[in-house]
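Presented below is the structure to which this report refers.
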Number of protein chains: 2
Amino acid sequence: MKAPVQGTQSFSRTIHLLDLISQSKAPPSLAELKESSGLTRPTLYRLLASLEAEGLIEQRSDQRYQLGVRLVSLARKALAENDIRRLAKEQLLRLRDETGETVHLAVPSREELIYIDKIECEEVVRMASTIGTRVPMHSSGVGKAYLGAMAPAEAEDLIRQLDMAQITSFTNTDRTVLSAITQKVREDGYVFDNQENEEGVVCYGAAILDDMGKPAAAISVSIPLYRHTKPTEQYVKPLLTCIANISQRLGYRPS
Amino acid sequence: MKAPVQGTQSFSRTIHLLDLISQSKAPPSLAELKESSGLTRPTLYRLLASLEAEGLIEQRSDQRYQLGVRLVSLARKALAENDIRRLAKEQLLRLRDETGETVHLAVPSREELIYIDKIECEEVVRMASTIGTRVPMHSSGVGKAYLGAMAPAEAEDLIRQLDMAQITSFTNTDRTVLSAITQKVREDGYVFDNQENEEGVVCYGAAILDDMGKPAAAISVSIPLYRHTKPTEQYVKPLLTCIANISQRLGYRPS
DNA sequence: AATGAATGTCCATAATATGGACAAATAAGG
DNA sequence: CCTTATTTGTCCATATTATGGACATTCATT
């Protein structure tokens with residue numbers, strides 16, 4: 001396995017293994033992990049043992065592995081110390097109330113975005129399962145909004161690195177088309193996504209800018225297709241007001 | 001540095017570094033990390049680079065490091081579940097050991113609380129409570145602790161909705177008195193309950209705070225009256241340490 | 001412009017992680 | 001109940017990796 005950074009192969013491998021456990025549908029057994037990771041038995045044992053020693057995973061009574069409390073604790077801290085999430089909360093609630101639809105907040109991590117908040121259109125008590133979900137740049141409203149707020153050259157670089165996977169039957173998988181969309185987003189300041197990330201759901205997305213005018217996050221208003229009847233204006237206007245407010249709180253000053 | 005598991009020194013070191021970052025009051029600079037970790041400059045750079053490459057940390061515009069959202073993605077599955085119980089378990093066991101008494105963990109459900117965990121003390125003592133039992137706000141240690149951690153206005157709203165039922169001959173059924181108790185809890189950070197929920201059992205209660213500083217749960221240390229001989233300090237100090245630890249794991253940062 | 005401090009990188013070497021081979025435990029078959 | 005097959009777990013010589021002293025670069029200060 002290649003290490004993205006020189007001198008960290010074992011760390012990279014171990015985190016990759018943690019990711020496999022995290023992405024599994026059900027808590028995996030040793031044999032399943034051996035299969036999916038392609039690691040040799042002794043290596044797998046050592047990596048699992050070190051993950052367990054650090055409390056990042058736990059071995060259940062049936063020998064299968066699940067995420068450990070240490071990881072949960074770290075993740076909660078990561079959420080808590082995220083300034084954008086804190087500064088955006090109030091505005092997102094308002095956007096939800098104004099549109100009556102579900103609102104997402106996503107921040108970049110490597111070549112993807114990760115949802116760090118979700119305000120449901122109906123009140124829900126427990127933490128939404130979408131928080132922490134990775135979402136591709138090319139197939140989501142937040143992704144395309146984010147691309148459109150990047151410096152053109154950087155956006156092109158990033159687009160070149162994307163896998164352009166087909167998520168739904170509506171997903172655009174053509175880089176040239178994505179570049180054109182990105183250009184349009186740059187002009188409009190928002191994007192409309194037609195079921196490219198989830199069948200039956202359309203959304204409007206826009207990016208939040210930091211004090212340097214660079215995109216720091218993106219938000220989207222998701223609407224079930226059957227309910228998508230209001231004029232565009234009714235979704236876009238509150239959305240643009242919302243991102244303007246949050247960007248301002250982040251220190252952005254429109255020039 | 002010794003590695004807890006053979007053949008994982010570098011992983012262990014890197015996670016330890018991640019932990020240092022997570023425990024810092026404010027996002028640390030490179031110099032601060034060099035100081036606190038004791039690592040040499042090149043090693044520190046490599047470990048930070050690999051953490052950043054994996055998205056586990058992020059370098060802010062002021063060069064300081066903070067936890068990355070990839071952690072949220074890795075912990076997604078575990079975050080969605082009700083994880084307070086898991087996060088608290090270890091700390092509750094410690095509290096039981098330190099006080100030698102039975103410890104309860106309760107979360108809110110409408111205008112009541114529900115016990116979601118109970119750590120029994122060594123000596124078998126008959127106590128009515130079991131996991132899943134509902135417990136009133138006004139007559140229990142956990143309930144009054146929870147009220148005292150709420151925003152004053154919200155607490156008053158909630159008190160107005162309570163039925164103030166007489167549970168034992170000691171139960172206070174006066175809302176005005178409950179308001180006064182709530183105010184005291186707010187100042188003290190804990191509450192003492194004298195048999196208001198169960199005859200012959202007194203308890204000390206305190207609330208667990210989430211990342212927004214709002215109460216997420218409450219814990220209590222219950223003591224049979226005949227054995228309640230130690231000074232208050234001996235119960236309260238471990239209790240307060242315990243809630244501080246759990247709150248911190250939930251993402252709460254004392255300001 | 002000169003000096004000092006902080007930040008960043010290189011690379012020979014020491015130390016670690018690796019995985020083939022072996023052992024133990026468990027399940028299947030006679 | 002014993003033998004064989006399969007799965008689970010461990011050891012350790014070796015190759016590969018991570019390490020940190022030394023050096024280079026950048027930035028701040030005089």
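Everything quoted here is computed from the prediction, not taken from an experiment. Note on naming: letters A, B, ... go to the chains in the order of the sequence lines (proteins, then strands), and numbering restarts at 1 for each one.
With a 6.0 Å radius and a threshold of 12 heavy atoms from other residues, nucleotides or ligands, A/Q23 has its CD atom above the threshold.
A salt bridge does not link B/R253 to A/E81: none of the charged side-chain nitrogens sits closer than 4.0 Å to a carboxylate oxygen. Look at B/R70 and A/D19 and you find a salt bridge, because one of the NZ, NE, NH1 or NH2 atoms lies within 4.0 Å of a carboxylate O, short of that distance. Salt bridge annotation for B/E120-B/K118: present, with a cationic side-chain nitrogen under 4.0 angstrom from a carboxylate oxygen.
A close approach under 4.0 Å does not occur between any side-chain nitrogen or oxygen of A/Q9 and OP1 or OP2 of C/dT16. Within the structure, every side-chain polar atom (N or O) of B/R13 is placed at least 4.0 Å from both OP1 and OP2 of C/dT16. OP1 and OP2 of C/dT16 both lie 4.0 Å or more from every side-chain N or O belonging to B/S10.
The closest donor-acceptor contact from the side chain of A/R76 to the backbone of B/G251 lies at 3.5 Å or more, if one exists at all.
Residue-to-nucleotide proximity on DNA chain D shows that, of B/T40 and A/A31, the 5′-proximal contact is made by A/A31.
Between the CG atom of B/L33 and the P atom of C/dA6 there is a distance of 16 Å, rounded to whole Å. Rounded to an integer number of Å, the gap from A/L39 CG to C/dT18 P is 8 Å. In this structure, B/L48 atom CG and C/dG8 atom C1' are separated by 13 Å, rounded to whole Å. B/L44 has its CG atom 14 Å from the C1' atom of D/dA18, to the nearest Å. Note: CD (A/E35) to C1' (D/dT8) measures 17 Å, nearest angstrom. Atom C1' of nucleotide D/dT8 and atom CD of A/E32 are separated by 15 Å, given to the nearest angstrom. One can place CG of B/D62 at 16 Å from C1' of C/dA6, the figure rounded to the nearest angstrom. Distance, A/L47 CG to D/dT17 C1': 14 Å, rounded to whole Å.
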Below 3.5 Å is the cut-off: list the nitrogen or oxygen pairs between protein and nucleotides 9-15 of chain D, distance only.
residue : atom : partner : partner atom : Å
D/dG9   : OP2  : A/Y45   : OH           : 2.6
D/dG9   : O5'  : A/Y45   : OH           : 3.3

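For residues 175-190 of chain A, the set of pairs meeting the salt bridge (charged side-chain N to carboxylate O under 4.0 Å, His left out) definition, not counting sequence neighbours, comprises A/K184-A/D188.
For the residue pair B/Q63 and B/S29, no side-chain donor N or O sits within less than 3.5 Å of a side-chain acceptor on the partner.
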